[in-house]
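To start, the structure under review is shown below, and the notes come after it.
Residue numbers count from 1 along this sequence.
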Amino acid sequence: MRKALFWGGVAGLLLVFGPLLLVQGKWLWESPQYQFFPLFLAALAWLAWQRSRQLGPLRPGRSWLFLLAALPVLALQALAGLGFSGWSSQLAATLLLPVLAYGLGGRLLFVRQLPVWLCLLAILPLPLGSDQQLVTAMQFETSHWGGFVLDALGVLHLRHGNIIELPEANFFVEEACSGINSLRTIFACALLYLLWKRPRALRGLWLLLSSLACVLFFNLVRVVGITLITTRLEIPIGSGWRHEVFGLVLFAGALAMILSSERLFCALTPQSFSEPRPPLEALGSTVWPTLPSSPLSGPVWLLALVGVLGLSLYASLPQQSLASARLPQPRLESFPELGEEALPESYEGWQRRGYSTHERGEETIFGQFSQTWHYEAGVRQAAVSLDYPFVDWHELSICYRAVGWTQGTRSIERGVGPSGLDLVSVAWSRPGQDEFGQLIFLLFNGSLEPVPEPANWLHRLFERFRLEDAVSPIDDQGPLFQLQVFVEGFEPLADEEIRRARGLLLESFERLRTAWPELEEVQP
């Protein structure tokens, strides 16, 4: 009977955590800075196996202590299911693993495995959009210092935010420097090395700090190197396979420099600081406890899993399937050009002056594809741009900050027009350059249904309990599109000009309704 309860608990864990972890795994794979996570998990699994050997006879943990630690984690997973939060589910799974180790093998197995589970936090994204803020900050600092180095080398250039303009070409630092990608990957490699070698605390801290310094240095080398090789040697390595090979060479150089810094630490410090810890004590071949004696075979544990599973299923009823929540859709490989006539030739003084299309790299924050209509009204210039595809709400302000604009007032107007659009309006300036702009944008899905800016997590949880509009249209309606109008000039826009720009955006959205193709016909 207890054996059946144990395997029932294993099945319950898979059902409770599996769907949201699969969703979160797909999201991690869609994010370039986390695409190393399958190899990282495989390396951690090997280290966990190594640390579970030679432990001698193991005794299961105390049932009351196991439940005291496990039930709050299951409560977190229940909230993750109610709020369809893959991030919360990943956090809950990370916290539950050492608890399961305690239940299976008691304090000894818990202590041996705890460092491995703590390393899992390296692939937990920063919450509340902090990841994108960190990416933007690193890109800005890299481009800032890269500009100083290029000045010292006598390279003629002009920097706007994260863009380095040269007579021959322009480089966006996102394309010339993977920044946060290298930081997370090298930091993860450093953690694996620490787990393997088990150095003393001061030596381990030195290794982690040196890994951060090496990443920052080689990102700077990457930006300057790509610029010099492209301009001086006339070899285009800003994209394509040359760019990837150059990045791998610098990545290997960063790892070599980290190992060299460790040898430097050993040479400059007393032996007591640099020598490794004694090997883990071998207590004989590991003998696992029998299943009936494990707290994981207890009825309370199984009932808790059933309760969490029931809440998850309850939350998924309004939206047909838990697995559909926040699941990234297939990339939109192509989309028809709508043509210049798709948007109005004139609107309240605005005259259309041209139409252009643009394709970028898949990992750009600006959207891979753009179709842009150019307008003019006196001394004012405006661009109405359709950018796509996105898999989640895209905060366009980040892109304008990245190219050198300074953000002013930001406001949201909700439920505008018959379609109930959410319009985000942001004022911009370039101090010292007498340049001003006004940005107004919105997001919608392939069915031309508006996508509102997502509410905070607590609000979404509250909506779960009310069973009303529980999931944002972001979650299950395919690739997203962004429509924006950006007006710029040499003085701030008056209220009447902002009203006209807002009207141009709304008129453009309504015109898209008649020119819009069936999305299913252009899916890969």
Side-chain angles (χ1 to χ4, degrees), residues 1-25 41 44-45 47-49 51-52 55 57-125 127 286-316 322 457 461 464-465:
M1 179 63 181
R2 300 276 293 191
K3 186 175 182 180
L5 289 176
F6 176 84
W7 290 112
V10 172
L13 280 173
L14 294 176
L15 291 174
V16 167
F17 284 89
L20 278 179
L21 287 183
L22 285 175
V23 169
Q24 183 69 359
L41 291 178
L44 283 181
L47 288 170
W49 176 74
R51 284 172 165 260
S52 65
L55 298 182
L58 291 175
R59 299 178 60 184
R62 298 178 183 273
S63 296
W64 67 270
L65 187 56
F66 168 76
L67 291 174
L68 185 65
L71 292 180
V73 179
L74 290 182
L76 175 61
Q77 175 61 21
L79 292 177
L82 290 172
F84 283 145
S85 172
W87 183 88
S88 300
S89 183
Q90 183 184 350
L91 176 61
T94 302
L95 296 176
L96 186 61
L97 285 174
V99 178
L100 294 177
Y102 173 78
L104 284 173
R107 181 178 180 275
L108 178 59
L109 185 63
F110 172 82
V111 171
R112 288 289 181 92
Q113 296 295 337
L114 184 59
V116 178
W117 306 134
L118 289 177
C119 288
L120 285 171
L121 296 174
I123 57 173
L124 181 68
T286 301
V287 179
W288 296 92
T290 58
L291 295 182
S293 64
S294 171
L296 277 72
S297 302
V300 177
W301 164 249
L302 187 59
L303 286 174
L305 287 175
V306 171
V308 175
L309 180 60
L311 284 174
S312 298
L313 293 175
Y314 165 80
S316 68
L322 172 65
W457 189 85
L461 177 60
R464 280 279 166 219
F465 285 113

Value rounded to 0.5 Å, distance of [atom1] in [X] from [atom2] in [Y]:
| X | Y | atom1 | atom2 | answer |
| --- | --- | --- | --- | --- |
| Ile123 | Gln24 | CD1 | CD | 9.5 Å |
| Leu44 | Leu97 | CG | CG | 10.5 Å |
| Leu100 | Leu95 | CG | CG | 11.0 Å |
| Ser89 | Leu79 | OG | CG | 11.5 Å |
| Leu21 | Leu14 | CG | CG | 10.0 Å |
| Leu121 | Gln90 | CG | CD | 9.0 Å |

side-chain contact (heavy atoms from CB on, under 4.5 Å), that's the test. Do Leu124 and Trp87 meet it? Break it down for me. CA-CA 8 Å; Leu124 181 68; Trp87 183 88; 3.6 Å; yes
Partner residues of Tyr102 under the ring-ring contact (aromatic ring centres under 6.0 Å, His included) criterion, sequence neighbours left out: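 Here no residue qualifies.
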For [X] and [Y], work out which heavy atoms get closest and say how close.
| X | Y | answer |
| --- | --- | --- |
| Pro60 | Gly103 | CB-O, 3.5 Å |
| Val73 | Ala92 | CG1-O, 3.2 Å |
| Thr286 | Leu58 | CG2-CD1, 3.8 Å |
| Gln77 | Leu20 | NE2-CD1, 4.1 Å |
| Ala304 | Leu71 | CB-CD2, 3.6 Å |

Determine whether Phe66 and Val99 satisfy the following criterion, side-chain contact (heavy atoms from CB on, under 4.5 Å), listing intermediate values before the conclusion. CA-CA 7 Å; Phe66 168 76; Val99 178; 3.8 Å; yes
Do any side-chain atoms of residues 108-116 form donor-acceptor pairs under 3.5 angstrom with protein atoms, and if so which ones, sequence neighbours left out?
{"from": "Arg112", "atom 1": "NH2", "to": "Glu281", "atom 2": "O", "distance (Å)": "2.8"}
{"from": "Gln113", "atom 1": "NE2", "to": "Ala48", "atom 2": "O", "distance (Å)": "2.9"}

